[in-house]
Amino acid sequence: MMDSELSTRIMKAVDANFDRQIAFLSALVACPSLRGREQSAQDLMAEAMGGLGLAIDRWEMDADRLRALPGFSPVETPYAEAVNIAGVHRPQRRKGRSLILNGHVDVVPAGPLDKWTSPPFSARVEDGWMYGRGAADMKGGVSAMIYALEALRSAGGSPAAEVCVQSVIEEECTGNGALACVARGYRADAVLIPEPRGEAVTSAQLGVMWLRITVRGRPAHVREAEIGANAIEAVFPLLQALHRLEDAWNAPERRHPAFAALPHPVNFNVGRIKGGDWPSSVPAWCTFEVRVAVYPGQPLAEAQAEIEACLREAGAGLGGLDIAYHGFMAEGYELTGADDALGALERAHRAVNDAPLASVPTTACTDARFYGLYGGMPSLVYGPKGAAIHGFDERLDLESLRRVTQSMALFIAEWCGLEAA
């Protein structure tokens, strides 16, 4: 157990630095770090890590090197200038346990800008919330990684074990950024990922697959539409069939035990659709893309086989049906073997909040799977409260961010131990 005087000093250091943390987070939100445009955010992260005295490792991802590794997701966007950043702290003499702090700076598209109250890439603070794309998912948590370490330094301490701060890309579409960190050889006794989990720790998470279905029709002039085959209209029975399969996977007998209390944990989301070439022509093609969730332990190959059988049965009378996979090919993950790390996080959380740490499953997917499934490292997902994530007016609860930063700093101090700065 940590000395109460030291614990108080660390929490007060977070408070003293919090205005700087908000300014840093505002600058990070102002970086429009969509896929392929992450460089400005990564430059800011490298500068912040350097300010902490961390040794900076900056490298460009290599799809060919990652392709053969477990957990790789097929990628269509070239990796030119796709950069990961890691900052490494090494103690004077190791006494504690090592730690990876991992966060992603990539964000999803903002959608129609006129639906935002204020510009999505200009952070706005109002009534205790910061608004902006990525403020919650997950640049707030990323700022906590930096300022938890800053608080320790301000309190006169430094981790007595190796700490690796990782700022990765592609969490929102493949996870290959975190996989590249594992491939680069980064390992630790525990991993903490501050995704916006409302100050609870994630007990289990679903896996995700992205698939693209292309329907082939037969073009014709609308004056003789009866001789054509409308590829766009042919999509509707395919969607209905997919939702019937979705219902089957959500049936109580199919649910994973970690998700038994959730009435509808698995979602098949049709996220994008396009088709046809001309309003006065019967469309000859239509493509739609679906995000499918899978349970921990549900083999991806078996899930693919079920989905493909469902689609081919529903589309048996069509002129052609192509099924391809791109982006996420992610297994589900259930947290196990993490009692020591969970205990340390529980104590840190309780010291800040005077309340027990909740442990809940999530129907989302995080990078924890790479460290837990393939690296054998206990991987905790614990971060601040957010709202409207991936939606309009995404926002982050700033007092929750303060508490999480304090909890992270206390967790690092106990897990790694401290030495004089």
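What you see is a predicted model, and the numbers here were worked out from it, not measured in a lab.
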Measure the shortest side-chain to side-chain distance between [X] and [Y] over non-hydrogen atoms and say whether it is less than 4.5 angstrom.
{"X": "Tyr333", "Y": "Pro296", "result": "no"}
{"X": "Asp340", "Y": "Trp415", "result": "yes"}
{"X": "Phe72", "Y": "Asn176", "result": "yes"}
{"X": "His256", "Y": "Gln298", "result": "no"}

[X] and [Y] ion-paired at < 4.0 Å:
{"X": "Glu346", "Y": "Arg350", "value": "yes"}
{"X": "Lys385", "Y": "Asp137", "value": "no"}
{"X": "Arg403", "Y": "Glu199", "value": "yes"}
{"X": "Arg212", "Y": "Glu76", "value": "yes"}
{"X": "Lys12", "Y": "Asp15", "value": "no"}
{"X": "Arg216", "Y": "Asp322", "value": "yes"}
{"X": "Arg254", "Y": "Asp247", "value": "no"}

For [X], does the [atom1] atom sit with more than 12 other heavy atoms under 6.0 Å from it, leaving out its own atoms?
{"X": "Glu47", "atom1": "CD", "value": "no"}
{"X": "Asp127", "atom1": "CG", "value": "no"}
{"X": "Glu308", "atom1": "CD", "value": "yes"}
{"X": "Glu126", "atom1": "CD", "value": "yes"}

Taking [X] for the side chain and [Y] for the main chain, is one N or O donor matched with an acceptor at less than 3.5 Å?
{"X": "Asp57", "Y": "Val88", "answer": "no"}
{"X": "Ser281", "Y": "Pro283", "answer": "no"}
{"X": "Arg133", "Y": "Val108", "answer": "yes"}
{"X": "Thr202", "Y": "Ala204", "answer": "no"}

Asp189 vs Leu99, side-chain contact (heavy atoms from CB on, under 4.5 Å): CA-CA, chis, key distance, verdict:
CA-CA 6 Å; Asp189 295 315; Leu99 179 66; over 6 Å; no
Closest approach of Leu401 and Gly140, non-hydrogen atoms and distance?
CD1-O, 3.2 Å
Could you tell me whether the side chains of [X] and [Y] share a donor-acceptor contact shorter than 3.5 Å?
{"X": "Thr366", "Y": "Gln205", "result": "yes"}
{"X": "His243", "Y": "Glu246", "result": "yes"}
{"X": "Glu334", "Y": "Tyr295", "result": "no"}

Would you give the length of the straight line joining atom [atom1] of [X] to atom [atom2] of [Y], rounded to the nearest 0.5 angstrom?
{"X": "Phe288", "Y": "Phe236", "atom1": "CZ", "atom2": "CZ", "value": "10.5 Å"}
{"X": "Leu52", "Y": "Tyr147", "atom1": "CG", "atom2": "OH", "value": "8.0 Å"}
{"X": "Ser98", "Y": "Arg90", "atom1": "OG", "atom2": "CZ", "value": "11.5 Å"}
{"X": "Thr214", "Y": "Glu289", "atom1": "OG1", "atom2": "CD", "value": "8.5 Å"}

For Asp62, what residues pass the salt bridge (Lys or Arg N to Asp or Glu O under 4.0 Å) criterion, not counting sequence neighbours?
none
Please enumerate all residues that pass salt bridge (Lys or Arg N to Asp or Glu O under 4.0 Å) together with Arg65, with sequence neighbours excluded.
none
Has [X] got its NZ or CZ under 6.0 Å from the middle of the six-membered ring of [Y], at an angle within 45 degrees of the ring axis?
{"X": "Arg197", "Y": "Tyr382", "answer": "no"}
{"X": "Arg291", "Y": "Trp210", "answer": "no"}
{"X": "Arg124", "Y": "Tyr131", "answer": "yes"}

In terms of relative ring orientation, are Phe392 and Trp116 parallel, tilted or perpendicular, with 30° and 60° separating the classes?
perpendicular
Yes or no on side-chain contact (heavy atoms from CB on, under 4.5 Å) for His89 and Val165, after CA distance, side-chain angles and deciding distance?
CA-CA 8 Å; His89 161 80; Val165 181; over 6 Å; no
Can you run down the salt bridge (charged side-chain N to carboxylate O under 4.0 Å, His left out) pairs that involve residues 21-41, sequence neighbours left out, and say none if there aren't any?
Arg35-Glu38, Arg35-Glu170
With side chain to side chain donor-acceptor pair (under 3.5 Å) as the test, would you mind laying out the steps for Trp249 and Glu306 before giving the verdict?
CA-CA 10 Å; Trp249 286 10; Glu306 275 196 77; 3.2 Å; yes
